[in-house]
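The block underneath contains the structure these notes are about, expressed in structure tokens.
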Amino acid sequence: MKDLAGTVEFNRQLAPRYYHIRLRLSEQVDVLPGQFAMLRPAALAEPILRRALAIHRAEDASVEFIYLVLGQGLEALSRIREGERVDVLCPLGNTYPTESVIDEGRRAVIVAGGVGSPALFMLASELVGRGADVRVYFGGRTKHDLPALDEFEALGCPVTVTTDDGSAGERGFVTVPLERDLALAGREASVVYACGPWPMMARVSEIAAGHAAKCYVSLEARMACGFGICVACVVEVCEGSFAPPFKYQKVCTEGPVFPAEAIVW
Amino acid sequence: MKDLAGTVEFNRQLAPRYYHIRLRLSEQVDVLPGQFAMLRPAALAEPILRRALAIHRAEDASVEFIYLVLGQGLEALSRIREGERVDVLCPLGNTYPTESVIDEGRRAVIVAGGVGSPALFMLASELVGRGADVRVYFGGRTKHDLPALDEFEALGCPVTVTTDDGSAGERGFVTVPLERDLALAGREASVVYACGPWPMMARVSEIAAGHAAKCYVSLEARMACGFGICVACVVEVCEGSFAPPFKYQKVCTEGPVFPAEAIVW
Amino acid sequence: MVTPRENGRDPRLAVEVAGIRFHNPVLTASGCCGYGLEFEPLFDLSRIGGICTKGLSAKPMQGNPPARIQETPAGMLNAIGLQNIGARAFIEQKLPRLREYDVRVLTNVFGYTIDDYVEAIHILNDGDGIDGYELNISCPNVKEGGLIIGNDPRAAAEVTEAVKRVAKRPVIVKLSPNISDVAGMARAIESAGADALSLINTLVGVSIDIRTRRPRIANVTGGLSGPAIRPVAVRMVMQAAAAVQIPLIGIGGIATAEDAVEFLIAGAAAVQIGTASFYDPLATVKAVEGLSAYLDETGTESIRTLTGSLDLSPPPRGH
Amino acid sequence: MVTPRENGRDPRLAVEVAGIRFHNPVLTASGCCGYGLEFEPLFDLSRIGGICTKGLSAKPMQGNPPARIQETPAGMLNAIGLQNIGARAFIEQKLPRLREYDVRVLTNVFGYTIDDYVEAIHILNDGDGIDGYELNISCPNVKEGGLIIGNDPRAAAEVTEAVKRVAKRPVIVKLSPNISDVAGMARAIESAGADALSLINTLVGVSIDIRTRRPRIANVTGGLSGPAIRPVAVRMVMQAAAAVQIPLIGIGGIATAEDAVEFLIAGAAAVQIGTASFYDPLATVKAVEGLSAYLDETGTESIRTLTGSLDLSPPPRGH
Ligand SMILES: Cc1cc2nc3c(=O)[nH]c(=O)nc-3n(C[C@H](O)[C@H](O)[C@H](O)COP(=O)(O)OP(=O)(O)OC[C@H]3O[C@@H](n4cnc5c(N)ncnc54)[C@H](O)[C@@H]3O)c2cc1C
Ligand SMILES: Cc1cc2nc3c(=O)[nH]c(=O)nc-3n(C[C@H](O)[C@H](O)[C@H](O)COP(=O)(O)OP(=O)(O)OC[C@H]3O[C@@H](n4cnc5c(N)ncnc54)[C@H](O)[C@@H]3O)c2cc1C
Ligand SMILES: Cc1cc2nc3c(=O)[nH]c(=O)nc-3n(C[C@H](O)[C@H](O)[C@H](O)COP(=O)(O)O)c2cc1C
Ligand SMILES: Cc1cc2nc3c(=O)[nH]c(=O)nc-3n(C[C@H](O)[C@H](O)[C@H](O)COP(=O)(O)O)c2cc1C
Ligand code: FES
Ligand code: FES
């Protein structure tokens, strides 16, 4: 974890309210799939807090993010232009366990919901690169809510798309083709990695459990600091799933990736 | 007074911390010399208050301002670029009485201190245009603190420059050549118009009184609203100079131009 | 959905507070609108629900020396010192013109002793077109050695009772936020007969120039207002709503219709916009428009159903 | 002028508070630095004056359900609910490592009853390397019969006395800002034997989601912190400084050296930085550097001369 200055290489709009930003950092950092950063335009007076964004890509001293503007903070980020500065605390958080895929040869089933996809892209890319059997299920509300779909497709692994309104791919929830997939693959054959809205992840977790597939979820939570000092970003975990048996775990340091069965959904 | 949207036509740096901005307003307004506007970048979250700036030029639906960045508000304004929006409440305040110059043919002696000059430019320009005998005394700390000096010089009237450090014009305070001028011109020959730092205006007022010259000053004050609702921007006036005999007058509505003798210096 | 209109107005926005009918719940806050007329060049005063004047006293007051304000993060400090033309001059010079508009007029009144309040109210009782009184009790009490009346439930109740005895119009008492027990204060004032409460006034603050080491405001302390204080104001409205039956007017950092709705949900029947009018002179009329839009979007029948509609049931997991 | 250095430090910044020598006056605020070690990857902890830990209790605590925070204009609300590992675990798991740094360690302590405080202090008395205790008597998030100890001078004095009786180290009592009479509260706590005061804790606030009509924080109320509250904090430090002899630690919205200086001039001997560390993790070390720069620029001999140096003489005209 370092507090770095990022210089905007590009910051372009992908779809209504979706942006893709690339920053050159003042120092090189090593990033693991699933890790995130806390960002804000340099010297921004308001809003004061940084925003958490998953690291979508990282190479040398550059990092990329894909974000959906919900409010004032990311709105301010979306107005930043080439050459301007962004404060970047990174990399933060843990990573996805991949032993079962890499060492035991299980299938990697990646389930992305909307802007949850950036948190999964490095994972997909790395697993494909290592020759694993990877497939991606990507759901969005509309065809505009499938950020970086082209980048997932370019990886060469099968990508199944769903939208709530049928404007792209299959109409309906992403959990429908996921369930078909896991049923066909058989018990214990897969490791599921999911990131997306809470109800989607809750359902993915349930489906995975039903097929005895390991399941890891990358969670979001309201964060003030991103590195463990505010204790704001907690999620309730099942008894005994973390030691000592604390009911609340910090998403920023104990996560953002959790075994799905540890979470009280 | 109207609350208008301004679109930036240009916003360029003149010298370290000095900027010149031109805005196209959503509606045409009639501006009198000495009037001002309250501005802020549209939808700026912080700082919340608008900043008062004298209207340097106005034609059709465009207005120009020259400003010195002291803090966060004008700093934010300085970052605004062509095509971006600025909220503009204008025109505000009163104007300079010019009867003695126009009707009685007295000399107009304009004394500008640093960034006080924009508040005097329309006056100088208008008086020159009407064929009055106008001369300008322009003082600054250094040669960088003489904003729009070229524009004053282009008017064709005599312009005497002083700087505290001698980096341009005569070394010393602008009140030195002013005093010479008034002494030469004789009693009651001149009307002095001044805008600049408080101590400068206090001294100008004293000198003018010494030569029985009428003197009007354009004051600054910390303003929240600019149109009379907060009662923040007051200046202490001499007893009897305003009716009813209130000790404090609002610079934004009773001013910014006051007869120098009305002010408790 | 098209906003319903009657005489150019949205009837869903009408509210009644302290027996006064406002055609919408958006008022200007005291000290942030002069005597109302200052807005004439900007908008038709009949478009907002009410005007609450600058604090009036029986006699004119000069106010504090400058500097009177200082901007602070998302807010500002002020120590205007209650400069005003006096109750009589208000009635003679301002009220006739204000009455030309279809807007309710509350006169804000302050004093340093109970007699001060009573004297001002006696004068204002003569003012035709005044709809109600708002008592600013956040002034130092000269008799009690500078103690702030609004910080002491007993003193606040005494002022309220004394004013109620003479007032010919509804009395709204404006709470100080510089107290620990809002509920107790609200109850004391309700028991003393107030028709409504308005809250909050400003929080006491100080700002220092680190170069000169002087306070940035001549009066040393000032009142903190603006968006910065909104969470404190919403909390106090919520606590007061739970404590009393009389209606509440919410004040503190309201700049938009969304902010106003927050106060209504917390328990207010109407709101006042103060500091926001300084930096957005049309804030009040924009808020009125925004409230209609909010009712449209959310399919809410009337603004009155929002008051106190805070949902305290456990939220769904995951957000 | 070149900043003087001794062992890489600026000796002009050293201060003593409650008998504890800090090599500079910049501390982390409780609840805004975990147990201090979280900053290890970012900077050498020996660079700041002190660490004031997350509030500790005798037993571990789970804290409140999420959502625990909400951003507000120039600030944030929090209702963490004092989640902590407990005093014993702190001594065993965190303190040994903290002691490797040359930084003073204050443990913040809270409780719901006097016994809670005493029990926690008994445990912490065993912790070698703890320099002092800070008592949180003002956490607005935890209710004990609704009343908050820090809002009642008598209760606050009782806690202070009880703790002083058992504490082996200096006791700093942290004031609640949700009170009307800071001076009285400060005097009560001073009389009860406190070695220093720290102030302010958070202001109680509420934020409501106008779509769901639910509070944005699960606990309903939260504590307001950040730049928004700075003017209130500076004012309370100024008032407390006028009321007591014991030293003060200033807290509330401090983000930079300039902000820190404002508190020192108002009367503080040291400061704590809280919320700012969330959005500027290096805020504390930057403030230390900035204080040296301020001394250089202003030709000030030592940071100690700033404390209480507020100039209340009339300012020159014209501003
Ligand atoms: C570890 C982590 C990784 C993340 N990665 C990404 C990413 O790669 N791309 C991306 O677009 N977002 C990501 N997010 C979510 C992102 O941090 C929030 O959407 C962002 O903080 C919102 O900021 P804002 O300024 O747009 O809106 P705010 O002004 O902060 O909030 C606006 C509104 O949205 C609500 N809101 C805030 N956060 C969330 C949320 N997480 N979910 C739903 N509603 C919310 C608020 O309550 C408010 O009503 C991630 C979050 C975490 C914790
Ligand atoms: C009627 C009127 C006309 C004006 N015309 C112009 C103009 O044409 N061009 C121009 O550059 N300025 C003009 N000013 C002054 C200008 O309004 C202030 O300088 C400006 O508000 C400062 O804003 P800021 O955001 O840069 O600094 P702020 O953040 O507001 O202040 C930064 C620092 O400067 C100090 N400060 C604030 N205002 C002043 C002031 N007036 N004088 C000295 N110190 C101050 C503050 O106390 C603070 O320490 C005018 C003011 C008035 C009232
Ligand atoms: C400049 C100024 C002057 C004020 N004058 C008064 C006053 O005379 N009487 C009063 O009761 N409140 C006065 N107030 C308080 C406001 O009416 C309001 O309660 C407070 O500012 C909080 O609301 P806001 O955040 O919307 O400004 C004043 C506030 C400001 C900023
Ligand atoms: C997330 C958070 C947690 C806090 N926890 C504690 C605590 O455990 N004990 C305590 O005394 N104060 C606690 N505080 C209050 C701070 O120490 C500080 O007094 C307050 O936030 C004001 O300072 P700031 O504006 O710099 O944050 C907490 C504040 C925040 C924001
Ligand atoms: S975001 Fe602060 S502890 Fe996780
Ligand atoms: S600036 Fe508000 S009254 Fe003059």
Side-chain angles (χ1 to χ4, degrees), chain A residues 1-5 29 37-52 70-74 76 87-92 198 219-237 239 242-254 263-264, chain D residues 28-43 53-55 60-86 89 93 216-218 222 225-228 253 255 274-283 285-286:
Chain A
M1 164 177 60
K2 282 177 182 162
D3 190 24
L4 302 174
V29 289
M38 295 292 289
L39 297 97
R40 66 166 190 163
L44 182 71
E46 180 75 8
I48 58 174
L49 297 179
R50 298 187 186 204
R51 297 298 189 260
L70 291 178
Q72 233 188 332
L74 293 181
D87 296 329
V88 188
L89 186 72
C90 78
L92 302 168
W198 184 270
L219 299 183
E220 287 189 4
R222 273 195 226 159
M223 294 186 172
C225 72
F227 65 106
I229 62 169
C230 75
V231 201
C233 60
V234 295
V235 60
E236 190 176 341
V237 295
E239 226 177 297
F242 279 79
F246 275 123
K247 198 168 149 186
Y248 296 115
Q249 295 291 322
K250 286 174 286 191
V251 170
C252 71
T253 49
E254 276 96 10
I263 304 301
V264 181
Chain D
T28 62
S30 178
C32 305
C33 62
Y35 303 106
L37 301 172
E38 288 81 350
F39 285 113
E40 275 189 309
L42 289 169
F43 60 84
T53 67
K54 175 75 196 160
M61 295 233 343
Q62 300 288 10
N64 289 329
R68 291 180 170 185
I69 59 161
Q70 174 62 39
E71 192 163 8
T72 66
M76 61 178 278
L77 291 170
N78 90 79
I80 306 302
L82 298 162
Q83 174 170 342
N84 80 95
I85 58 174
Q93 296 164 28
R216 286 183 180 275
I217 285 196
S225 64
T275 301
S277 287
F278 300 159
Y279 57 89
D280 183 6
L282 302 176
V285 284
K286 287 180 193 168

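Per chain, numbering begins at 1; letters A, B, ... match sequence-line order. Worth saying up front: this structure is predicted, and the values here are computed from it rather than measured.
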- Query: For Glu71(D), what residues pass the salt bridge (Lys or Arg N to Asp or Glu O under 4.0 Å) criterion, not counting sequence neighbours?
  - Reply: Arg51(A)
- Student check: side-chain heavy atoms of Leu42(D) and Leu89(A) closer than 4.5 Å: yes
- Query: Residues in side chain to side chain contact (heavy atoms under 4.5 Å, CB included) with Gln93(D), at least two apart?
  - Reply: Ile85(D), Ala89(D)
- So what's closer than 4.5 Å to chain A heavy atoms on Pro65(D): side chain, backbone, both or neither? both
- Identify which part of Thr275(D) has an atom lying under 4.5 Å from any heavy atom of chain A, answering side chain, backbone, both or neither. side chain
- Task: Against chain A, label Glu38(D) side chain, backbone, both or neither, depending on which of its atoms sit under 4.5 Å from a heavy atom there.
- Result: both
- Is it the backbone or the side chain of Ile48(A) that comes under 4.5 Å from a heavy atom of chain D, or both, or neither? both
- Query: Heavy-atom distance under 4.5 Å between the side chains of Leu219(A) and Trp198(A), does that happen here?
  - Reply: yes
- Using non-hydrogen atoms only, which part of Asp87(A) is less than 4.5 Å away from chain D: side chain, backbone, both, or neither? neither
- Task: Please look at Glu46(A) and chain D and tell me whether the side chain, the backbone, both or neither of the residue comes under 4.5 angstrom of a heavy atom of that chain.
- Result: side chain
- chain D shares the most heavy-atom pairs under 4.5 Å, among Asp3(A), Thr253(A), Val234(A), Val235(A), with Val234(A)
- Mind checking the NZ-CD spacing from Lys54(D) to Gln83(D)? Nearest 0.5 Å is all I need. 8.0 Å
- Let me know if Met1(A) has heavy atoms under 4.5 Å from chain D in its side chain, its backbone, both or neither. both
- Option that, when pairs with chain A are counted at under 4.5 Å, heavy atom only, ranks first among Gly274(D), Ala276(D), Gly75(D), Ala255(D): Gly75(D)
- Message: For Arg40(A), which atoms come within 4.5 Å of any heavy atom of chain D: side chain, backbone, both, or neither?
- Response: side chain
- Task: Kindly indicate whether the side chain of Val237(A), heavy atoms from C-beta on, has any atom under 4.5 Å from the side chain of Ile263(A).
- Result: yes
- Is there a side-chain contact between Cys230(A) and Asn78(D), using heavy atoms and a 4.5 Å cut-off? no
